[in-house]
Peer 1: 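The structure is given below, and queries will be raised subsequently.
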Number of protein chains: 2
Amino acid sequence: MRDWDDHRLILTLHRCGTLRATGDALDVTHTTVARRLAALEAREPTPVFIRQDRAYRATDYGLERVALAERMEEIDLAAMRVQRSSNNGLAGPLSLSVPQAVFQFLLLKDIGAFAGAHPDIDLTVVGTDRLADLDRGEADVVIRGHANPPEHLVGREICKVGVRNYAHREYLDRTTPDARKWISASDNAVWIKDTPYPHQPVGLVIHDIQSRFLALAAGQGLSRAACFMADPHPDLEPLDDTPPTPLYGLWVLTHPDLRASPKVKALMKAMGDALARQRSMIEG
Amino acid sequence: MRDWDDHRLILTLHRCGTLRATGDALDVTHTTVARRLAALEAREPTPVFIRQDRAYRATDYGLERVALAERMEEIDLAAMRVQRSSNNGLAGPLSLSVPQAVFQFLLLKDIGAFAGAHPDIDLTVVGTDRLADLDRGEADVVIRGHANPPEHLVGREICKVGVRNYAHREYLDRTTPDARKWISASDNAVWIKDTPYPHQPVGLVIHDIQSRFLALAAGQGLSRAACFMADPHPDLEPLDDTPPTPLYGLWVLTHPDLRASPKVKALMKAMGDALARQRSMIEG
DNA sequence: TTTTTTTGTAACGTTTACGCACCAGCGGGG
DNA sequence: CCCCGCTGGTGCGTAAACGTTACAAAAAAA
């Protein structure tokens, strides 16, 4: 019988392309990868990989194996989730993925309080924005602003995130209305037409929400921003009095496999309650 | 990232129950299994197995892992089949599962001829009767007498196997009709009522078809037997002149994953043709 | 062009995982 | 009853797998 880890080697080498990158992914050195690959190929009746353009490419046969290995990986990830949820006490590792902005403006104290209330839980906060974290086991709970979260995840929507248009007080003082420019996440910001400055151009494109808010707070231009970020700022003021726009929902999510875990439940409740308490601020 | 071979250890230990049996299954010693298990349990937040009644029993959590490992095994077996079918030349290992009786009476020469015609193919003939061989990769091609072969297998039915009722000439000479007894595969042989001796009892039960035929040929009683086995025998004669009964089909089968392999195709064709050539003898 | 980085390969020394032999404890069968 | 077979556990020597280091070739950068 063959070693099931062979499948992982095939999958990882296919994804990484080189021995060194594969070694990094598998936490071994590239020489080890080379040896394992040589042993694997010796067991196979047909080459699995060929070197082409300074990279390992899977042969047609290798691609079949990769496809099967991908299915295997899904099961391995499922096993990892089962493993995570199996620790039915309030102890052990637990990870929360939350956007930087939410962490900074809404949950800083509450996360600290949770960690203090559960000293046996090793809480890790990761600041990534990718929603795929959950499937790959990189996080147990994620908090995201999203219109329609993937349906295979479970959780609850706390409220809508309200956004308004802001500018720094000094920016408004030192510029004329015709000279003002927008800071936006993309070039084609269609929502600008519904603002007090519908014809002003986008002067600065910043994809990262955190950096964009910093630019706004530094008086670099007009910008749409989440109320919970901008309202506490003493020098930022809304451009008009229209009520905040509920742009997307704020979700606390986990994977179905993890839902039964007491740790996960406790964290979801704590975070959900903390956000619900600040509902008026989030909605604007 | 965890070693995917852990899943195999969990699955095998669950099936075997003891360290030694697991070691035999994995082709390692029981000490190695103990070490791997200790390392695995150390990585798990919750026990996977508990010792109970001198055997390793999976915990509830362990059973979840076993279920996932079973799904993994299916994929691993699929990969094995892909591997087998990938060798697209007429070379390498090839295994044929065929009942002893068919091997001896019908295919002995033809299998030898096939092996001689394809010197680069390492042909292995296994004499098991289990049909599950194909799924577990224990054989590439199976030849079986079966009424309805599993539908997930592919292949063709050569013809029906004809059976008649026979006895050794000397047995008939030295016994009176009332003293004759049947040799059967089971106690409740309902087909006896349609024979020239419908009221004679079953005197000997032999499950194994090969041994049963030997008993018949040794003059131990009356018995139903396949025509292709009994007709060539000089001293066996039918009990009546009724035509042979087509009892079940004779199938040459393989797994869909292997069908594309030239080796498998060649072997299936050779065996199918060889059996078709002897169709009149098989049907009786 | 030269230089730098990144690639895979080869040799060497160490660690780790392995098989082997042996042990005691428990059960079933004679 | 005793004995035999099977269980898992322990110590030891070996062999396989590993990381480190060094090296040559090819692509990328200067």
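Chain A is the first sequence line, chain B the second, and so forth, proteins listed ahead of strands; every chain is numbered from 1.
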Peer 1: Of the residues in residues 29-39 of chain A, which ones touch DNA chain C at a heavy-atom distance under 4.0 Å?
Peer 2: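 A/His30, A/Thr31, in order of number.
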Peer 1: Set out, in order, the CA-CA distance, both residues' side-chain angles and the distance that settles salt bridge (charged side-chain N to carboxylate O under 4.0 Å, His left out) for B/Arg36 and B/Glu41, then state yes or no.
Peer 2: CA-CA 9 Å; B/Arg36 288 186 188 171; B/Glu41 294 278 12; over 6 Å; no
Peer 1: Residues in side chain to side chain donor-acceptor pair (under 3.5 Å) with A/Thr32, at least two apart?
Peer 2: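 Scan of A/Thr32 (side chain to side chain donor-acceptor pair (under 3.5 Å), adjacent residues dropped) gives A/Thr29.
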Peer 1: Would you mind reading off the distance between B/Leu9 atom CG and C/dC18 atom P, rounded to a whole angstrom?
Peer 2: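 For the pair B/Leu9 CG and C/dC18 P, the rounded distance is 11 Å.
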Peer 1: Run the salt bridge (charged side-chain N to carboxylate O under 4.0 Å, His left out) test against A/Arg212 and tell me which residues pass, sequence neighbours left out.
Peer 2: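 A/Arg212: no salt bridge (charged side-chain N to carboxylate O under 4.0 Å, His left out) contacts found.
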Peer 1: Below 3.5 Å, can you tabulate the donor-acceptor pairs from side chains in residues 16-23 of chain B to any protein atom, sequence neighbours excluded?
Peer 2:
unit_1	atom_1	unit_2	atom_2	d
B/Thr18	OG1	B/Ala21	N	3.1
B/Thr22	OG1	B/Thr18	O	2.7

Peer 1: On DNA chain D, reading 5' to 3', which nucleotide is the first and which the last to sit with an atom under 4.0 Å from a heavy atom of chain A, could you check?
Peer 2: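 Contact span on the strand: D/dC18 to D/dA27.
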Peer 1: Can you list the stems that include DNA chain C, where a stem is three or more consecutive Watson-Crick or G-U pairs with distances under 3.5 Å?
Peer 2: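 Looking at DNA chain C, the stems formed by three or more consecutive pairs are C:1-30 with D:1-30.
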Peer 1: May I have the distance from B/Asp27 (atom CG) to C/dA17 (atom C1'), rounded to whole angstrom?
Peer 2: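 Whole-Å distance recorded here is 16 Å.
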Peer 1: Sequence neighbours excluded, which residues qualify as side chain to side chain contact (heavy atoms under 4.5 Å, CB included) partners of A/Arg84?
Peer 2: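 Side chain to side chain contact (heavy atoms under 4.5 Å, CB included) check on A/Arg84 returns A/Met80, A/Ser95, A/Asp140, A/Leu258.
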Peer 1: Would you mind reading off the distance between A/Asp24 atom CG and C/dG8 atom P, rounded to a whole angstrom?
Peer 2: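 Distance check: A/Asp24 CG to C/dG8 P gives 11 Å.
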Peer 1: Could you give all pairs that pass the salt bridge (Lys or Arg N to Asp or Glu O under 4.0 Å) test and reach residues 47-67 of chain B, with sequence neighbours left out?
Peer 2: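 For residues 47-67 of chain B, and leaving out neighbouring residues, the salt bridge (Lys or Arg N to Asp or Glu O under 4.0 Å) pairs sorted by first residue read B/Glu44-B/Arg65.
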Peer 1: What is the distance from CZ of A/Arg51 to P of C/dT6, rounded to the nearest Å?
Peer 2: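 One finds 16 Å between P of C/dT6 and CZ of A/Arg51, rounded.
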Peer 1: Say whether, by atom type as modelled, one donor and one acceptor occur between the side chain of B/Asp5 and the main chain of A/Trp4 under 3.5 angstrom.
Peer 2: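 Present.
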Peer 1: Would B/Asp122 and B/Leu94 satisfy side chain to side chain contact (heavy atoms under 4.5 Å, CB included), going step by step from the backbone distance to the final call?
Peer 2: CA-CA 6 Å; B/Asp122 301 324; B/Leu94 182 64; over 6 Å; no
Peer 1: Nearest heavy-atom pair of B/Ser184 and B/Trp191: which atoms, and what distance?
Peer 2: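 Heavy atoms of B/Ser184 and B/Trp191 come nearest at OG-CZ2, 4.3 Å.
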Peer 1: Under 3.5 Å, which N/O atoms of the protein pair with N/O atoms of nucleotides 24-30 of chain C?
Peer 2:
unit_1	atom_1	unit_2	atom_2	d
C/dG25	N2	B/Arg54	NH2	2.9

Peer 1: Mind calculating the distance between CG (A/Leu19) and C1' (C/dA10) to the nearest angstrom?
Peer 2: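 About 14 Å, once rounded to whole Å.
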Peer 1: Taking side chain to side chain contact (heavy atoms under 4.5 Å, CB included) as the definition, give me every residue that meets it alongside B/Arg180, ordered by chain and number, with sequence neighbours left out.
Peer 2: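 Result, side chain to side chain contact (heavy atoms under 4.5 Å, CB included) vs B/Arg180: B/Tyr171, B/Leu172, B/Thr175, B/Pro177, B/Tyr197, B/Leu222.
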Peer 1: Using heavy-atom distances to pick each residue's nearest nucleotide on DNA chain C, tell me which of B/Arg20 and B/Val28 is more 5'.
Peer 2: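 Its nucleotide being nearer the 5' end, the pick is B/Val28.
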Peer 1: Does A/His14 have any side chain to side chain contact (heavy atoms under 4.5 Å, CB included) partners at least two apart in sequence or in another chain, and if so, which?
Peer 2: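 Listed in chain order: A/Phe49, A/Ala58, A/Leu63, A/Val66.
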Peer 1: Does the distance from a Lys or Arg side-chain N to an Asp or Glu carboxylate O, for B/Asp76 and B/Arg8, drop under 4.0 Å?
Peer 2: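 No salt bridge links B/Asp76 with B/Arg8.
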Peer 1: What pairs of residues pass the salt bridge (Lys or Arg N to Asp or Glu O under 4.0 Å) test when at least one of them lies in residues 24-35 of chain B, not counting sequence neighbours?
Peer 2: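 Sorted result for residues 24-35 of chain B: empty, none.
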Peer 1: Using whole Å, what does the distance between atom P of nucleotide C/dT7 and atom CG of A/Leu13 come to?
Peer 2: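 For the pair A/Leu13 CG and C/dT7 P, the rounded distance is 12 Å.
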